[in-house]
Amino acid sequence: MSAPDYRPTVFLPKTDFPMKAGLPEKEPQILAKWQAADLYAQLRAARKGRDKFIYHDGPPYANGDMHIGHALNHILKDAVVRTQSLLGKDVPYVPGWDCHGLPIEWKVEEAYRAKKQNKDEVPAKEFRAECRAYAQHWVNVQAGQLQRLGINGDWKKPYLTMDFASEATIVSELLKFAESGQLYRGAKPVMWSPVEKTALADAEVEYHDITSTQIDVAFEIVEAPNAPELVGAYAVIWTTTPWTIPVNQGIAYSEDVDYICVEHLHPELIQSSQPGQAPAAGKSLKERTKRVIVAAALLEQIAKERMPLGLKTDRVLWRGKGADFAGAVARHPMHKLGGFFATPRPFLPGDFVTTDQGTGLVHMAPDHGEDDFALCKAHGINPVFAVEADGRYRADWLWLGGEAKNVINPNLNAPDGPICSDLKAAGALLSAGPFAHSYPHSWRSKKKVIFRCTPQWFVPMDKPIGPSVALRAPPPHPKNGEDVAVPPQAPLGEGDHAQHGGGADTLRARALAAIAATHFTPDKGRNRIGSMVEGRPDWVLSRQRAWGVPITLFVDRKTGDYLVDKSINQKIIERFKAEGVDAWTPEFARELLGDRVDQYEMITDILDVWFDSGCTHAYVLESGRWPEYSWPADLYLEGSDQHRGWFQSSLLQSCATRGRAPYKAILTHGFTMDASGRKMSKSEGNVINPLDVMKTFGADILRLWALSVDFTEDHRIGDEILKGVADQYRKLRNTFRYLLGALDGFSDAERLPVAEMPALERWVLHRLAVLSGELKAAVNAYDFNRYTSLINDFVQNDLSAFAMDVRKDSLYCDAPTAPTRRAWRTVLDIVFHALTRWLAPVLVFTAEEVWATRYPDAQSVHLLEWPEIDAAWQDAALDKQFTLARKLREEAYLKLEELRRARKVGSFLEARVAITTAHSDRIAALAGLDLAELLLVAEVAITAGDTESLMVEKADLAKCARCWRHLPDVNAETELCGRCDAVVHG
RNA sequence: GGGCCGGUAGCUCAGGGGUUAGAGCACACGCUUGAUAAGCGUGGGGUCGAAGGUUCAAAUCCUUCUCGGCCCA
């Protein structure tokens, strides 16, 4: 006999909300609605007068399509803005772009080259106009892509560092440095490409493996106050850049290293045994023998690899510490040339000297090395500018001056080249041979670069910030052998601040104090930026380029002082506001200076783009152009690479001009790797393009991914991962679908007071209240991974697998007026409102779709605030009861599954559970609960006994044809239980 | 090469000296066919990157190594 079909009498969920999302098609439609309604403006109006959360966006570079790093970065930013807004705060978000700088210049130049045009023949103004147009193009492209990602911001009025008002702000900020004396013109070794005759930024340099000539050169010691016995011995230095020997000015040693003196036979003596080679004519054995000094730890290696025959390692003539070299002086192998080469070469203690390779003694050419420059500067030894921009020695240089070859030419450095030949003739060359290593090359020409001192503008890190001090520039063309003047006010080189800067109000001290006062998420960021600021050299501000903000200074040709005139500065700022960077012309200079114009050198260098970005806080937060903002920011949020970048440029800029950081807190994220944890690169073919992900999965999937990974570390993305995220999304989407279906037709009239609800409903509300607190904590800690997994666990475990499963019976089969069903629907409505709001910052499109499905005429879900959760819903005693009940459920299901495997039952609804326990408290705790209902079984019996047991068996009860429960009160005729009979016939 | 950071199930993540290392997903098997390209249950799956050390006891603390990342050279 077949049961009557009661299906039409059952209240099944009803909704048009589709199970399949179709995000790639649907999201753009939702976005168009937001744009048409100006959601951002609506949100500003809705939050007017609320507590502000000042988030300041770091400007990405306006060059190229959005990549996965941008996507992650902006999703996190958007999540911060949206979650804070959800908490009820007013959170403006003005996106911005970094628009000046080299990469854009390159691209524009490339276009010229493609057209066979010469960039140098294009007027600067025209060239800059093209750069501006190029930047604007990518700003527009990226703005579109970021909006597609669901980033809600002031897209109608973003900030661009190339806005005239921004360029004026940057100049204004620079002039603050000038007016407070925090600028100086100095020299510094920079990466220089002799081929392109220009300085290179780090980003323009790439490293390649090459083979250079390595040489060991002997410097005769002429004075050694701490170890007189060393006079006449030779200090051996090792270098892979022989061309720097003609610019040597000293020798560095390490105070901690052990040094050793041994005998060395002149190479000529060895070569003399070879046929056709003349012996070292006319020299006695004694003359051909040198006492040479190297680090003890390196002796064997040198003897083995570079001087297999010359070095006599078996007889130690002297042993000592680096400190024995204090005050010692050597002479240059070419001292006989006189002039520059005749001056003494002092021994200097350098903490960068190691015994990793070389000889433990390092030759110092302050023109051509950073360590060299710093150490020499600290001892009053200045660069001599022996190598010209084209990479050749100055024509008047005493040794090799006018040498036709560029110093990077391998032939010049070769063992048989002019340098080695001269050193050999002077008896100073102890070895010469090939050496393979990694060496910097120009990104564009692929040619080797050199370190070369050039005049640059600096911000001093360790100069006390006080009244303005006139500064001086070094003479542009020092003569051979002359002492080169350094600015007397020039700050100390890096590494010296510890001794000299302590206690003074310096930029470094201010920056370190500001770091200590800043909140970091994760906290390790403090350590990272702190150690960088502690160790960083002075800030090199100048670039010899076209596309950027000019260093608007006039330098007195006689005194070298730069002009500080507030009224002139004001005129400069005003003109920049009107015309932007093109204002900086000789005509303008004449207008400003009148007859005095020839008295001054107009600086044409432009600013490091990091200075631009360091000023965004002034432009965006302070200028009044975005009145919704105020200074300082509550938060800056960028990738961990910005510890060296924007976090630092902003910090230094602001500390110098305002005495504190422009932010209260910093949030950093790691980098996105491929599925196996490796860096993405075009050549590896492992790049995941966010635009593709949006096309195949949708922006909400990408957002859920970004907010599910541990962004504070490096994290991965790949097909498998995205598939997993999509599965997680489907679960959330289906939960919404179920809620929408279950709440079909729900109205306020149906609501039931919490006090009248069954235990399960009250327990769900309790869970909601607990969850609300946990989610708030996660939001305030920016812990989005925790945020999404808390929601996920709640949906998965508490709702889907438990409460919703249990309450299906009530929802489907109770009378619509039954308090039990009304109670559950009341709770489902509360859950619906909580989940849509909580997930709105994550699944921005889906949340809107869900909201619009239930409330087609309502405003956007994104205008809503944190769900109203009554703290009184928390009920610890109830939670304890349910913890116990769910544990019991778990245990029972283990046994029930056995029963099912044995084919005794199909559905658990057919089974009964009998529990015996000695714990009377457990029985009491479960007393108020309908366990059969919670376990979804026919019946549960708990009895007190001496032992613990849990038995399951098929319950011999009739099945209700409508609700499918196995109950004692099923009418044999109708096959309905009492409840269902009342609903169907009552 | 230097500074800093990281490596827990196939995936995303918990756990930071103390029972047999957890969760969700995925996978396998089963139930249901009234959330149905859905829902529920059960299960398998880990030398906690490797090796030493400290300790009664180590995924956890220390050292070295390895792999990977960011920054710098």
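Residue numbering restarts at 1 for every chain, and letters A, B, ... go by the order of the sequence lines. Excluded from the calculations below are hydrogen atoms, water molecules and symmetry mates; all remaining heavy atoms, backbone and side chain alike, are included.
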Legend entry - Nearest-Å distance for atom pair CG/P, residues A/Leu790 and B/G24: 14 Å
Inset, instruction - Could I get the full list of salt bridge (charged side-chain N to carboxylate O under 4.0 Å, His left out) partners for A/Arg678, not counting sequence neighbours? - result: none
Inset, instruction - Consider the side chain of A/Glu720, meaning its heavy atoms from C-beta on, and name the nucleotide among B/G3, B/C11, B/G34 that approaches it most closely. - result: B/C11
Legend entry - For B/C70, the Watson-Crick or wobble counterpart (both distances under 3.5 Å): B/G3
Legend entry - Identified pairing partner of B/C48, criterion: Watson-Crick or G-U wobble below 3.5 Å: none
Inset, instruction - May I have the distance from A/Asp783 (atom CG) to B/G15 (atom P), rounded to whole angstrom? - result: 10 Å
Legend entry - Inter-nucleotide P distance (B/A50, B/U60), Å rounded: 10 Å
When the side chains of residues 697-706 of chain A are checked against the rest of the protein, which donor-acceptor pairs come out under 3.5 Å, sequence neighbours left out?
| from | atom 1 | to | atom 2 | distance (Å) |
| --- | --- | --- | --- | --- |
| A/Asp700 | OD1 | A/Val844 | N | 3.2 |
| A/Asp700 | OD1 | A/Phe845 | N | 3.3 |
| A/Asp700 | OD2 | A/Phe845 | N | 3.3 |
| A/Asp700 | OD2 | A/Thr846 | N | 2.7 |
| A/Asp700 | OD2 | A/Thr846 | OG1 | 2.6 |
| A/Arg703 | NE | A/Val842 | O | 2.9 |
| A/Arg703 | NH1 | A/Asp78 | OD2 | 3.0 |
| A/Arg703 | NH1 | A/Leu149 | O | 3.0 |
| A/Arg703 | NH1 | A/Gly150 | O | 3.3 |
| A/Arg703 | NH2 | A/Asp78 | OD2 | 2.6 |
| A/Arg703 | NH2 | A/Pro841 | O | 3.0 |
| A/Trp705 | NE1 | A/Arg716 | O | 3.0 |

Inset, instruction - For nucleotides B/G18 and B/G52, find the distance between their P atoms and express it as a whole number of Å. - result: 23 Å
Inset, instruction - Could you grab the distance from atom CZ of A/Phe784 to atom NE2 of A/His669, nearest 0.5 Å is fine? - result: 11.5 Å
Inset, instruction - Please work out if A/Gly677 contacts a base, only the sugar-phosphate, or nothing of the nucleic acid, heavy-atom cut-off 4.0 Å. - result: sugar-phosphate
Inset, instruction - Could you work out which one of B/G69, B/U33, B/C70 sits closest to the side chain of A/Trp964? - result: B/U33
Legend entry - Greater than 12 external heavy atoms within 6.0 Å of A/Lys904's NZ: no
Legend entry - Interatomic distance, A/Asp714 CG vs B/C70 C1' [rounded to whole Å]: 7 Å
Inset, instruction - Assign A/Gln728 to base, sugar-phosphate, or nothing according to its heavy-atom contacts below 4.0 angstrom with the strands shown. - result: nothing
Inset, instruction - Please give the nucleotide sitting opposite B/G34 as a Watson-Crick or G-U wobble pair, both distances under 3.5 Å, or none. - result: none
Inset, instruction - State which residues pass side chain to side chain donor-acceptor pair (under 3.5 Å) with A/Asp674; sequence neighbours excluded, sorted by chain then number. - result: A/Ser676, A/Asn686
Inset, instruction - Round to the nearest Å and state the distance from A/Asp710 atom CG to B/C11 atom P. - result: 16 Å
Legend entry - Minimum-distance nucleotide (side-chain atoms of A/Phe671 versus B/C70, B/U32, B/A35): B/C70
Inset, instruction - Using the closest heavy atom to pick a nucleotide of RNA chain B for each, name whichever of A/Tyr738 or A/Ser531 lands nearer the 5' end. - result: A/Ser531
Legend entry - Out of B/G6, B/A35, B/G68, whichever nucleotide has its closest atom nearest the side chain of A/Met19: B/A35
Inset, instruction - Determine: side-chain N/O of A/Tyr6 to OP1/OP2 of B/G34, distance under 4.0 Å, yes or no. - result: no
Inset, instruction - Counting heavy atoms from C-beta on, name the nucleotide in B/G34, B/C71, B/C4 closest to the side chain of A/Asp641. - result: B/C71
Inset, instruction - Give the nucleotide from the list B/C71, B/G34, B/C70 with an atom nearest to the side chain of A/Ser640. - result: B/C70
Inset, instruction - Using both distances under 3.5 Å as the test, list the Watson-Crick or G-U wobble partner of B/C61, or none. - result: B/G53
Legend entry - With A/Asp727 via salt bridge (charged side-chain N to carboxylate O under 4.0 Å, His left out) - residues at least two apart: A/Arg730
Legend entry - Distance, nearest 0.5 Å, that separates CG of A/Leu732 from CD of A/Gln728: 6.0 Å
Inset, instruction - Have a look at A/Val709 and say if it touches a base, only the backbone sugar-phosphate, or nothing, with a 4.0 Å heavy-atom cut-off. - result: sugar-phosphate
Inset, instruction - Would you please name every residue forming a ring-ring contact (aromatic ring centres under 6.0 Å, His included) with A/Tyr738, sequence neighbours left out? - result: none
Inset, instruction - Using the P atom on both, measure B/U32 against B/C13 and round to a whole Å. - result: 38 Å
Inset, instruction - Searching all strands shown, indicate the nucleotide that pairs with B/A28 (Watson-Crick or G-U wobble; both distances under 3.5 Å). - result: B/U42
Legend entry - Phosphate OP1/OP2 of B/G24: any A/Asn797 side-chain N/O under 4.0 Å: yes
Legend entry - Distance, rounded to the nearest Å, where A/Glu684 contributes CD and B/G69 contributes C1': 15 Å
Listed pairs, N/O of protein and of nucleotides 39-45 of chain B, under 3.5 Å:
| from | atom 1 | to | atom 2 | distance (Å) |
| --- | --- | --- | --- | --- |
| B/G39 | OP1 | A/Lys731 | NZ | 3.1 |
| B/G39 | O3' | A/Ser800 | OG | 3.2 |
| B/G39 | O2' | A/Lys808 | NZ | 3.3 |
| B/C40 | OP1 | A/Ser800 | O | 3.4 |
| B/C40 | OP1 | A/Ser800 | OG | 2.6 |
| B/C40 | OP1 | A/Ala801 | N | 3.2 |
| B/G41 | O2' | A/Glu897 | OE1 | 2.9 |
| B/G41 | N2 | A/Glu897 | OE2 | 3.4 |
| B/G41 | N2 | A/Arg901 | NH2 | 3.0 |

Legend entry - Mate of B/A23 where both pairing distances stay under 3.5 Å, Watson-Crick or G-U: B/U12
Inset, instruction - Would you kindly give the CD-to-C1' distance between A/Glu910 and B/U32, to the nearest whole Å? - result: 11 Å
Inset, instruction - Based on the glycosidic angle (syn within 90° of 0, else anti), state the conformation of B/G16. - result: syn
Inset, instruction - Classify the side-chain pair A/Asp608/A/Trp539 by whether it contains a donor and acceptor separated by less than 3.5 Å. - result: yes
Inset, instruction - Could you check how far CZ of A/Phe794 sits from P of B/C13, rounded to whole Å? - result: 23 Å
Inset, instruction - Let me know the distance between CE of A/Met532 and P of B/C5, rounded to the nearest Å. - result: 12 Å
Legend entry - No-hydrogen, no-angle side-chain donor-acceptor test under 3.5 Å, A/Thr454 and A/Gln456: yes
Legend entry - Along RNA chain B (nearest heavy atom to each residue), the more 5'-positioned of A/Asn527 and A/Ser907: A/Asn527
Inset, instruction - Give one of base, sugar-phosphate or nothing for A/Arg526, where a contact means two heavy atoms less than 4.0 Å apart. - result: nothing
Inset, instruction - Taking atom C1' in both B/U20 and B/U47, compute the distance separating them and give it to the nearest angstrom. - result: 16 Å
Inset, instruction - For A/Arg528, report the nucleic acid contact type (base, sugar-phosphate, nothing); a contact means any heavy atom under 4.0 Å. - result: base
